[in-house]
2 protein chains.
Amino acid sequence: MVALMHDPLPNYPGYALRRAATATMAELATRLADIGLRQVDASTLILISANPGVTGSALARSLDIRRANMVPLLKGLEDAGLIERVPIDGKSLGLNMTELGLQKLAEAQIRIETFEKELLARVPEEHRAHLVPALNALWQMDS
Amino acid sequence: MVALMHDPLPNYPGYALRRAATATMAELATRLADIGLRQVDASTLILISANPGVTGSALARSLDIRRANMVPLLKGLEDAGLIERVPIDGKSLGLNMTELGLQKLAEAQIRIETFEKELLARVPEEHRAHLVPALNALWQMDS
DNA sequence: CAAAAATTGTTATGTTCTATTGCTATTCTG
DNA sequence: CAGAATAGCAATAGAACATAACAATTTTTG
């Protein structure tokens, strides 16, 4: 059950990035599943709560999710009573948190903060402060 | 077309990690698709070439891929003439690169090296050296 | 202002990746 | 040797994500 003799892959930033992402995302997914949320649900709630009245389209752009895939996502959150939608004009719907949604978000935040703390704790101290800026530099640009 | 007013998500290491991973992986995927490979194909070829005679099961463990999903992967590489399988004993098959596979791998390596270089170039210099060690610390442990 | 262009929300559908289950044959281990 | 573990495989299910098309409604601009 020993590792491969030669494994050059971890030296590739791209590979390390993918493995790190899948491993950590799987971990967070199970913790959020305990309260009936997926990561994308939690992200969405966070953004709505920080931007009351935001539209689904704007969320889609910010989260880099196709508009079409936003529909079942928001429908799920609405059906669960976590958000509500109020017409802004003839074609746009503004999104807001419900009381229940705020409660659920608070639960999620606790789990997320714990997760992020543990995640960072695994990174050797001398690298820790560099992680988030380095990661954000990789995607926050051409979007 | 402006970003959201408040976007707290990039402050979360987990979110930054996911966005960075999906963005960069999509980029690499298109570059490898030009030569008919997926990332997992390239990873597999790299490991086989570094570990001649390795078994599919060992690869699956190293790449964290289910054994069952290894089957169509390796079949694809074999059908494309990139690898060959020779029986080790009654139940194991050793994997080796073909001549064509080595050529294809060389092409892939060029694209991968270019990609990795450009990826690192996007990271501000003071963070650059910390990225790979930080990432590997996130998953190289409990596996 | 009127025509053209863009945006919003939506339905329907397809693709791809990955996990699960179960099976046979073989090898390893106590 | 008997039981446990391993290798390879098939079939299938599910989740995540992409595409295409559409109607209704703004927004832009000539």
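Proteins get letters first, then strands, A, B, ... in listed order; numbering begins at 1 in each. These figures come from a predicted structure and were not determined experimentally.
One N or O on the side chain of N51(A) and one on the backbone of L47(A) form a donor-acceptor pair closer than 3.5 Å.
Comparing D89(A) and R38(A) along DNA chain D, the residue whose closest nucleotide (by nearest heavy atom) sits nearer the 5' end is R38(A). Residues T55(B) and D64(A) both approach DNA chain D. Their nearest nucleotides, taken by heavy-atom distance, put T55(B) toward the 5′ side. Place A68(A) and V40(B) on DNA chain C by their nearest nucleotides, and A68(A) ends up nearer the 5' end.
Atom NZ in K75(B) sits roughly 14 Å away from atom C1' in dG8(D) (whole-Å rounding). The CG atom of L63(B) sits 14 Å away from the C1' atom of dC17(C) (whole-angstrom rounding). Taking atom CD1 of residue I88(A) and atom C1' of nucleotide dT8(C), one finds them 10 Å apart after rounding to whole Å. Straight-line distance from the CG atom of D41(B) to the C1' atom of dC17(C): 13 Å, rounded to whole Å. Put simply, CG on N69(B) is 13 Å from C1' on dG8(D), counting in whole angstrom units. The distance from atom CZ of R85(A) to atom P of dT8(C) is 15 Å, rounded to the nearest whole Å. Nucleotide dG9(C) holds its P atom 12 Å from the CD atom of E78(A), rounded to whole Å. When rounded to the nearest whole Å, the span between CE of M70(A) and P of dT19(D) equals 17 Å.
Candidate nucleotides dT19(D), dA19(C), dT27(C) were compared by shortest atom distance to the side chain of R66(A), and dT19(D) ranks first. Picking from dT26(C), dT7(C), dT10(C) the nucleotide with the shortest atom distance to the side chain of K91(A) gives dT7(C).
Here the side chains of M97(A) and K104(A) are not in contact, with every heavy-atom distance at 4.5 Å or above. Contact of the L45(B) side chain with the L102(B) side chain is not registered, since no non-hydrogen atoms from C-beta on lie closer than 4.5 Å.
One finds no side-chain N or O of R67(A) lying less than 4.0 angstrom from the OP1 or OP2 phosphate oxygen of dA6(C). Here S57(A) reaches the OP1 or OP2 of dG9(C): one of its side-chain N or O atoms lies under 4.0 Å away.
Under a hydrophobic clustering in which Ile, Leu, Val, Met, Phe, Trp and Tyr are joined whenever their side-chain heavy atoms come within less than 4.5 Å, directly or via other members, I88(A) and M70(A) fall into different clusters.
Within the 4.0 angstrom heavy-atom criterion, no nucleotide atom of any strand lies near I65(B).
Residue E99(A) places its CD atom among 12 or fewer non-hydrogen atoms of other residues, nucleotides or ligands, all under 6.0 Å distant.
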